[in-house]
Amino acid sequence: MEQYVIKGGNPLVGEVEIGGAKNAALAILAASIMTDETVTIDNLPDVRDINVMLGAIRDIGAVVDRVDAHTVRINGSTINAMSVDYEYIKRIRASYYLLGALLGKYKKAEVALPGGCDIGSRPIDLHLKGFRALGAQVDIQHGLIAASAEHLQGTHVYLDKVSVGATINIMMAAAMAEGKTIIENAAKEPHVVDVANFLNSMGAGIRGAGTDVIRIVGVEKLHKTEYSIIPDQIEAGTFMFAAAATRGDVTVKNVIPKHLEATTAKLLEVGCEVEEFDDAVRVVCAKPMHHTQVTTLPYPGFPTDMQPQMSVILGIAEGTSTVTESIFENRFKYVDELTRMGANIKVESNIAIIAGVPKYTGARVSAPDLRAGAALVIAGLSAEGITIVDDIYYIERGYEHFEEKLASLGAQIEKVSSEKEIQKFTLKVS
Ligand code: EPZ
């Protein structure tokens, strides 16, 4: 089992390059099988979840040609199975995007029903509501979702809750339905827009992505395209917060500053300086940070995927802050770990009440999930002494070369896999 070992206390200084958005890429890879022509996708993040999705696509018979770490060519003309194995859905829930993609293209799909996960129960009723509204017969039997239709018919779908996954899945199926579909109360996240742009570059007729109402005119066929994925706003935000926690000065490059507005606003509120450029942001945080209130909300609100990183910052800010998690019910699992590093946080229902402490102290902690894992690394970078973060495979699901990027900014961090290596690191840095 690999771990990160960190000697905290170095301000992060320098420039870091952000990769492609994992959550856009997962959906775009699934959508790429919707044509029989070859699709080339660039700016792909080279992270575990992406490799699992490529495995699932290969497994149903598509040709996957990994041109290099960040480029893939996919050809869906050879697909010979409509069923996605439980092994994939167990490892990444986003395998369910193949449901919308296969249903749209072949009018038939079978994917194992995802269970709960590390951050909550995560139902998929809205995805299924959308498929049914399009005329598909959807049954859940023996742990499988089986969807099929003679033909899909454009329709009006109202999403009772704003859902990224349901918006994208329904949008994919509707892209190849007959006639016009309207999705109301749609998610507006940048990756929803990116998936719509990708489908449109294949010939789909999707308008309004990025607003509450998405209008889709179905087409019979989609065609080849070459597409570059947008930068990852959560990876960018994570580095911005790492700069703040370590009182650093970091320029985060290859970003779309507009996508980072909520993150930037909170950094300004706690007293950091943020300078925006065309495709970069610079975060300077020299003065002590102060308390604030945050509530996670669908885009353009503050992202739930930045909530643990925000709490880490507020844990060492002056005064008492509150963080309200309104999207997932189980996203405070890291609080006990952070408490082991000296944080003073009380969780009541979906609100964390954070009394700032002057600093964290290094400890051995476990990453409970992807973003919380990254947040614990940030805490370790700002802490006094040595922090060991276990279970870093979670972090590797969504951050490419995390420790290398942090080290290039002056962090003392290494990936290790034995007690001996931990000791070696400790001797080296002491
Ligand atoms: C996406 O999950 C992301 N995953 C998550 O990122 C992210 O936290 C989340 O959106 C919110 O921004 C991917 O894009 C692969 P939702 P998703 O459907 O699509 C409820 C990360 O760390 N809901 O927008 O599953 C749901 O329970 C990950 O990268 C229903 O009730 O999230 C939640 O409360 C973790 N019924 C809310 O909607 C449904 O059918 C929003 O979830 C679907 C969702």
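Ligands are counted one by one from 1 in listed order, and the atoms in each one are counted from 1 as well.
For ligand 1, the atoms sitting less than 4.0 Å from at least one non-hydrogen atom of Gly165 are 18 (O), 19 (O), numbered in the order shown with element in parentheses. Every atom of ligand 1 with a heavy atom of Val164 under 4.0 Å away is listed here by number and element: 10 (O), 16 (P), 18 (O), 19 (O), 24 (O). Taking every heavy atom of Arg331 and a limit of under 4.0 angstrom, the matching atoms of ligand 1 come to 8 (O), 22 (O), 35 (C). Atoms of ligand 1 lying under 4.0 Å from any heavy atom of Pro123, numbered from 1 in the order shown and given with element: 27 (O), 30 (C), 31 (O), 36 (N), 39 (C), 40 (O), 43 (C), 44 (C). Applying the 4.0 Å criterion to heavy atoms of Leu370 picks out, from ligand 1, the atoms 22 (O), 29 (O). Near Lys22, with a cut-off below 4.0 Å to any heavy atom, the atoms of ligand 1 are 21 (C), 29 (O).
Among protein heavy atoms, atom 20 (C) of ligand 1 sits closest to Lys161 CD, 3.9 Å. Atom 40 (O) of ligand 1 has as its closest protein heavy atom Leu126 N, 2.7 Å. Regarding atom 11 (C) of ligand 1, its nearest protein heavy-atom neighbour is Thr304 CG2, 3.7 Å. Nearest protein heavy-atom contact of atom 22 (O) of ligand 1 is Arg371 NE, 2.9 Å.
The option with the heavy atom closest to atom 2 (O) of ligand 1, from among Met53, Arg122, Glu189, is Arg122. Taking each of Tyr97, Tyr394, Phe328 in turn, the one with a heavy atom nearest to atom 32 (O) of ligand 1 proves to be Phe328.
Among the atoms of Ile327, some N or O lies under 3.5 angstrom from an N or O of ligand 1. For the pair Asp125 and ligand 1, the shortest N or O to N or O distance falls below 3.5 Å. Some N or O of Asn23 is nearer than 3.5 Å to an N or O of ligand 1, by distance alone.
Only the side chain of Asp305 comes within 4.0 Å of ligand 1, judged by heavy-atom distances. Residue Val162 touches ligand 1 through its backbone alone, judged by heavy-atom distances below 4.0 Å. Counting heavy atoms under 4.0 Å from ligand 1, residue Ser163 touches it through both backbone and side chain. Of all the heavy atoms of His127, the ones lying under 4.0 Å from any atom of ligand 1 are found in both the backbone and the side chain.
Residues in residues 135-158 take part in no salt bridge (Lys or Arg N to Asp or Glu O under 4.0 Å) pair, two or more places apart or across chains.
Side chain to side chain, Tyr334 and Gln307 meet the donor-acceptor criterion of an N or O pair below 3.5 Å. Judged purely by distance below 3.5 Å, without hydrogens or angles, the side chains of Ser228 and Asn43 never pair a donor atom with an acceptor atom. A donor-acceptor contact closer than 3.5 angstrom links the side chains of Tyr4 and Glu403. With hydrogens and angles left out, the side-chain atoms of His291 and Glu269 include no donor and acceptor closer than 3.5 Å. A side-chain N or O of His151 and one of Gln153 form a donor-acceptor pair less than 3.5 Å apart. Judged purely by distance below 3.5 Å, without hydrogens or angles, the side chains of Thr251 and Glu15 never pair a donor atom with an acceptor atom.
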#### Entry: Gln3/Lys415 under side-chain contact (heavy atoms from CB on, under 4.5 Å): CA gap, chis, key distance, verdict
CA-CA 6 Å; Gln3 295 133 325; Lys415 185 152 67 174; over 6 Å; no
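The neighbour count for Glu276 CD, taken as heavy atoms of other residues, nucleotides or ligands under 6.0 Å away, is above 12. Crowding of Asp278 atom CG: a count of heavy atoms from other residues, nucleotides or ligands under 6.0 Å not exceeding 12.
Here OG1 of Thr339 is found 11.0 Å from CE of Met341. Values are rounded to the nearest 0.5 Å.
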Could you list the donor-acceptor pairs under 3.5 angstrom formed between side-chain atoms of residues 343-357 and any protein atom two or more places apart in sequence or on another chain?
from: Asn350; atom 1: ND2; to: Glu325; atom 2: O; distance (Å): 3.0

